[in-house]
Amino acid sequence: MSRRVVVTVVDAMTAAGDGLGDTYERLLQGGHAFAPVARFDVSAARSCYAALREDDPTPAEMILSIAGRISSVGRSVDVDRAYYAGTPDAAPPERPETIRVGGVTGSAWDRVYTSGCVAASSALVDAAAAISSGRADRVLVAAARVIDAPTFHLFSSGGAMSRDEVTRPMTLARSGMLLGDGAAIIVLEAADQLSDDKVPFAELRGWGRAGDGFDSHRPDPDASGMTNAIRAALCNAAIGPDEIDLINMHGTGTQLGDAAEYRALATVFGADTIPSAHAPKASVGHLLEATGLIEAAIAVASISSGTLPPSAGVRAEDATLFGSVLTCRRYRRVTHVLSTNFAFGGSNTALLFSAWNSDSDRTVDSFEHHEPVVLGRVPPLVPAKPLQHFIASDYPSAVYDAAQRCLDAVCLTKAQREKIALLIVAEHGDQNARQAVRERLAQGGRLPPRLLVQGTPTSAAGIVACTWGLRGSITVLATSAGLDHSCVHETVTDIATADSSSAVLVIRYEQRRGSCGTGEAILFSFR
């Protein structure tokens with residue numbers, strides 16, 4: 001039987017507020033934090049709005065502020081593991097001294113997730129899987145993102161951002177997303193380890209991840225991966241679709257993204273019976289790698305406050321993809337909240353938070369753990385030719401080539417390949433491609449969609465998944481660890497546990513100074 005996983009510490013800061021309470025109150029009022037960008041020059045940009053904090057903090061400053069606030073109210077931050085989710089463009093901030101792993105202070109995180117817009121939600125899923133299966137008792141997940149000029153101009157030039165001062169998710173009038181600053185910390189804990197006087201904020205009752213296997217940058221119009229992730233979360237939680245009170249939508253306000261998300265919700269819940277839904281990004285912006293954790297915190301706040309916030313930016317006269325976007329009620333009991341997040345490459349996550357009931361006799365079948373067996377392994381090799389549609393980088397070619405050599409070495413059926421998850425390990429991600437993007441932007445050039453996603457490591461994984469029909473989750477870790485390192489093996493086990501994947505394909509990319517990068521891969525089987 002699996003252990004129950006609860007949220008015992010939660011806090012966040014965004015452009016809408018210095019704490020989770022301030023941010024949530026802004027959401028309840030239907031307000032937003034978007035304003036003309038003053039942090040850097042946007043005179044040549046297609047969009048000039050974002051939800052940026054006026055104090056221009058660094059990620060380290062935001063994490064330190066939240067950690068200090070948590071510590072000051074007497075909440076313990078002693079954990080078994082500490083994960084961080086952030087951009088692959090820079091090294092992660094040092095772990096604050098108030099966050100102790102095994103009672104020891106230090107500067108390093110156990111894992112650093114850079115899986116695009118599902119980086120933080122992927123970290124939460126792995127943390128929950130480790131606790132549920134008994135491999136950890138307490139895990140802290142932190143995430144932070146500050147929008148800089150290259151990131152802003154990248155999305156603006158690629159045509160992904162709204163020219164309006166707000167976003168209009170799930171409406172026919174939607175024209176794109178807007179970016180924002182923010183950070184969050186959440187501590188998950190095993191319910192059977194709680195002291196008698198500790199009352200959790202909520203229970204993380206279910207989680208699910210799945211891949212589209214469709215494209216590097218476009219979501220699957222049929223939304224198969226999104227649908228599978230949501231269904232997995234509901235199944236894991238033993239909750240029926242009709243029991244969900246509120247959906248925290250990914251809701252970016254983009255044409256393709258919202259259409260795919262609506263398709264998934266309509267498939268799971270029925271087009272006419274989608275629960276009340278709101279999009280936090282319509283108030284605080286899209287926080288990229290940190291968005292999953294901040295929206296998870298907002299989901300927990302909706303349970304604690306018993307309210308359903310409206311979606312900012314959605315006007316009474318707007319035609320919507322489904323009516324419950326406009327019918328969010330306030331002041332009703334909230335028991336179950338579903339929070340969804342999606343990323344380039346077709347990576348999808350779903351988290352289901354529930355009001356805590358210590359007397360519940362709910363039982364959930366545990367994952368039958370098997371020691372992983374190596375089905376195939378290929379050594380580092382420099383790829384011979386660039387991968388089509390990717391420019392100025394050997395990263396995607398190395399990843400693709402390593403996957404091809406490893407999968408060719410084993411004989412798998414289509415059904416077996418569909419249960420394979422992907423884990424990419426790269427210390428610095430795709431730095432060459434990001435430099436090419438910056439140079440193109442400096443020259444005033446507009447970016448085609450395939451170049452737009454170059455800075456997202458999951459884009460190369462999306463091509464791998466599409467080619468071989470892999471439908472498992474996609475996770476990216478920023479680490480120099482080798483394939484045999486305990487960190488990699490622990491992550492592989494957590495992925496298999498969380499997603500019930502039959503196998504995990506791990507691809508390690510190493511960028512070598514003065515020469516092309518190399519790719520190596522190993523395929524672990526759990527069945």
| request: Check whether more than 12 heavy atoms from other residues, nucleotides or ligands sit under 6.0 Å from atom CD of Gln193, and answer yes or no. | output: yes
Do [X] and [Y] sit within salt-bridge range, that is, some charged N less than 4.0 Å from a carboxylate O?
X      : Y      : result
Arg405 : Asp401 : yes
Arg145 : Asp181 : no
Asp78  : Arg100 : yes
Asp192 : Arg4   : no

Can you name the nearest heavy-atom pair linking [X] to [Y], along with the distance?
X      : Y      : result
Phe152 : Leu179 : CA-CD1, 4.0 Å
Leu204 : Ala128 : CD2-CB, 3.8 Å
Ile298 : Pro280 : CD1-CB, 3.8 Å
Leu338 : Ala233 : CD1-CB, 4.5 Å
Ser122 : Thr349 : OG-CG2, 4.0 Å
Gly182 : Ile294 : C-CD1, 3.5 Å

Within the structure provided, determine whether [X] and [Y] are in side-chain contact (heavy-atom separation under 4.5 Å).
X      : Y      : answer
Leu124 : Leu293 : yes
Val410 : Leu523 : yes
Val187 : Arg138 : yes
Asp110 : Val101 : yes
Leu423 : Ile507 : no
Phe34  : Ser283 : no
Trp207 : Leu352 : no
Glu510 : Glu427 : no

Hey, is the main chain of [Y] close enough, under 3.5 Å, to the side chain of [X] for a donor-acceptor pair?
X      : Y      : result
Ser397 : Asp394 : no
Asp80  : Val139 : no
Asp11  : Ile66  : no
Arg471 : Ala210 : no
Ser71  : Ala67  : no
Arg205 : Ala237 : yes
Trp109 : Pro93  : yes
Thr291 : Leu288 : no
Ser65  : Glu61  : no
Asp215 : His217 : yes

| request: List the steps, then state whether salt bridge (charged side-chain N to carboxylate O under 4.0 Å, His left out) holds for Lys281 with Glu295. | output: CA-CA 9 Å; Lys281 293 179 183 65; Glu295 291 176 4; 2.6 Å; yes
| note | The salt bridge (Lys or Arg N to Asp or Glu O under 4.0 Å) partners of Asp499 (sequence neighbours excluded) come to Arg209
| query | Under the salt bridge (Lys or Arg N to Asp or Glu O under 4.0 Å) test, which residues partner Arg111, sequence neighbours left out? | reply | Asp126, Asp494
To the nearest 0.5 Å, what is the distance between [atom1] on [X] and [atom2] on [Y]?
X      : Y      : atom1 : atom2 : value
Leu375 : Ile420 : CG    : CD1   : 8.0 Å
Ile147 : Arg53  : CD1   : CZ    : 13.5 Å
Thr105 : Arg95  : OG1   : CZ    : 7.5 Å
Leu422 : Thr458 : CG    : OG1   : 10.5 Å
Met226 : Asn341 : CE    : CG    : 10.5 Å
Cys406 : Leu505 : SG    : CG    : 5.5 Å

Is a donor from one side chain sitting under 3.5 angstrom from an acceptor on the other, for [X] and [Y]?
X      : Y      : result
Asn348 : Asn228 : no
Glu289 : Thr114 : no
Thr8   : Glu189 : yes
Thr497 : Ser133 : no
Ser216 : Ser459 : no

When the aromatic ring centroids of [X] and [Y] are compared, is their separation below 6.0 Å?
X      : Y      : result
Tyr84  : Tyr113 : no
His250 : Phe342 : yes
Trp468 : Tyr400 : yes

| task | Give the C-alpha distance, both sets of side-chain angles, the deciding distance and a yes or no for salt bridge (charged side-chain N to carboxylate O under 4.0 Å, His left out) between Arg3 and Asp137. | result | CA-CA 10 Å; Arg3 298 196 300 175; Asp137 291 331; 3.0 Å; yes
| said: Show, in sequence, the C-alpha distance, side-chain angles and deciding distance for Ile186 and Val7, and conclude whether the side-chain contact (heavy atoms from CB on, under 4.5 Å) test is met. | reply: CA-CA 7 Å; Ile186 287 179; Val7 178; 4.1 Å; yes
| task | Kindly indicate, with the supporting measurements, whether the criterion side-chain contact (heavy atoms from CB on, under 4.5 Å) is fulfilled by Val6 and Leu194. | result | CA-CA 9 Å; Val6 294; Leu194 292 175; 4.0 Å; yes
| query | In terms of the angle between their ring planes, are His489 and Phe524 parallel, tilted or perpendicular, with boundaries placed at 30° and 60°? | reply | perpendicular
